[in-house]
Amino acid sequence: MVNNGSASVRETPHVNAAIKRRAESLINDKLIDGPSRAIIRYGLETDDPWLGELVRRVDAGETIVDNLYVTSDEEQIETLTTLICREGDEPATKASALLVLMATLENSPHPKLLANTAKHFAFNRCGELNLHGMVDAEIKTLAGEFFVS
């Protein structure tokens, strides 16, 4: 039993090194969609335990962010903003969505328009959550401008 355990321990660095090399190869492969490359890059940088699975899926021809492929840039920005702003402690999901959002903005022919769209969705989502009393504070500011003495 000890031999089996030590054999798997010796295998792990080799497997991890092979997965990391393959991940680097996929990151540089322009035939792979940008969001999938961004997720793999993030997984590689954070030493994500799911990196091997992500690499296998991309090698099999799957798109690993299928739920982000929507019919318009605006819908994609809304989906990403919702993932980033939703309640709960999901740092990996939120960081990945932020990374994809940044890549989307970077590769867009109209990054300022998409950034404004993202701000709009984020503000609306934060308003729904009333994050840190943001909406209440904004209302006080606006009320102060309307009712200047």
Side-chain angles (χ1 to χ4, degrees), residues 1-139 141:
M1 191 176 262
V2 173
N3 289 338
N4 287 343
S6 63
S8 66
V9 170
R10 277 182 279 198
E11 267 179 25
T12 304
H14 172 70
V15 171
N16 284 341
I19 290 171
K20 288 179 180 183
R21 281 193 305 276
R22 183 62 187 139
E24 289 170 354
S25 173
L26 291 172
I27 290 168
N28 295 319
D29 186 349
K30 300 298 181 194
L31 297 175
I32 306 296
D33 64 283
S36 291
R37 289 193 332 254
I39 297 293
I40 290 174
R41 181 180 301 114
Y42 179 77
L44 185 62
E45 290 172 359
T46 61
D47 202 24
D48 192 307
W50 281 88
L51 181 62
E53 178 65 23
L54 295 173
V55 167
R56 281 187 282 283
R57 287 183 180 200
V58 171
D59 276 339
E62 291 182 40
T63 302
I64 55 177
V65 286
D66 284 332
N67 62 329
L68 299 180
Y69 283 95
V70 290
T71 58
S72 73
D73 285 340
E74 186 172 302
E75 287 176 318
Q76 184 173 7
I77 297 299
E78 182 178 14
T79 301
L80 291 166
T81 305
T82 300
L83 285 171
I84 294 165
C85 296
R86 69 183 175 190
E87 291 183 76
D89 187 23
E90 306 168 281
T93 300
K94 292 178 180 197
S96 297
L98 181 59
L99 185 64
V100 173
L101 176 62
M102 292 172 23
T104 301
L105 293 173
E106 182 179 353
N107 296 323
S108 169
H110 308 289
K112 191 171 185 173
L113 176 66
L114 289 182
N116 285 332
T117 301
K119 286 190 288 186
H120 168 75
F121 285 123
F123 183 78
N124 284 339
R125 182 66 179 137
C126 289
E128 292 170 8
L129 299 173
N130 199 14
L131 191 62
H132 302 293
M134 182 177 87
V135 174
D136 294 336
E138 189 64 27
I139 290 171
T141 301

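Please read these numbers as outputs of a predicted model, since none were measured by experiment.
- A salt bridge links Glu53 to Arg57: one of the charged nitrogens lies within less than 4.0 Å of a carboxylate oxygen.
- Phe121 and Ile77 make their closest contact through CD1-CG2, 4.1 Å (heavy atoms, listed as atom of the first residue, atom of the second, distance).
- If you take CG on Leu114 and CG on Asn107, they are separated by 11.0 Å, rounding to the nearest 0.5 Å.
- Judged by distance alone, with hydrogens and angles left aside, the side-chain atoms of Asp29 form no donor-acceptor pair with the main-chain N or O of Ser25 at under 3.5 Å.
- Contacts of Lys119 classified as side-chain hydrogen bond (donor to acceptor under 3.5 Å, both in side chains), with partners at least two apart in sequence or in another chain: Asn116.
- Between Tyr42 and Pro91, the shortest heavy-atom contact is OH-O, 4.3 Å.
- Comment: Asp59 engages Arg22 in a salt bridge, judged by a side-chain N to carboxylate O separation of less than 4.0 angstrom.
- Between the side chain of Asp48 and the main chain of Leu44, no donor-acceptor pair closer than 3.5 Å is present.
- Ile39 approaches Leu54 most closely through the heavy-atom pair CG2-CD1, 3.9 Å.
- Shown here for Leu83 and Ala97, the closest heavy-atom pair between the two residues is CB-CB, 3.8 Å.
- His120 meets the side-chain hydrogen bond (donor to acceptor under 3.5 Å, both in side chains) test with Asn124; sequence neighbours excluded.
- Separating the NZ atom in Lys94 from the CD1 atom in Ile84 is a distance of 9.5 Å, to the nearest 0.5 Å.
- Summarising the geometry of Leu26 relative to Arg37, their closest heavy-atom pair is O-CD, 3.4 Å, with the distance given to 0.1 Å.
- In terms of heavy atoms, Gln76 sits closest to Val100 at NE2-CG1, 4.4 Å.
- Rounded to the nearest 0.5 Å, atoms NZ (Lys20) and CD1 (Ile40) are 14.5 Å apart.
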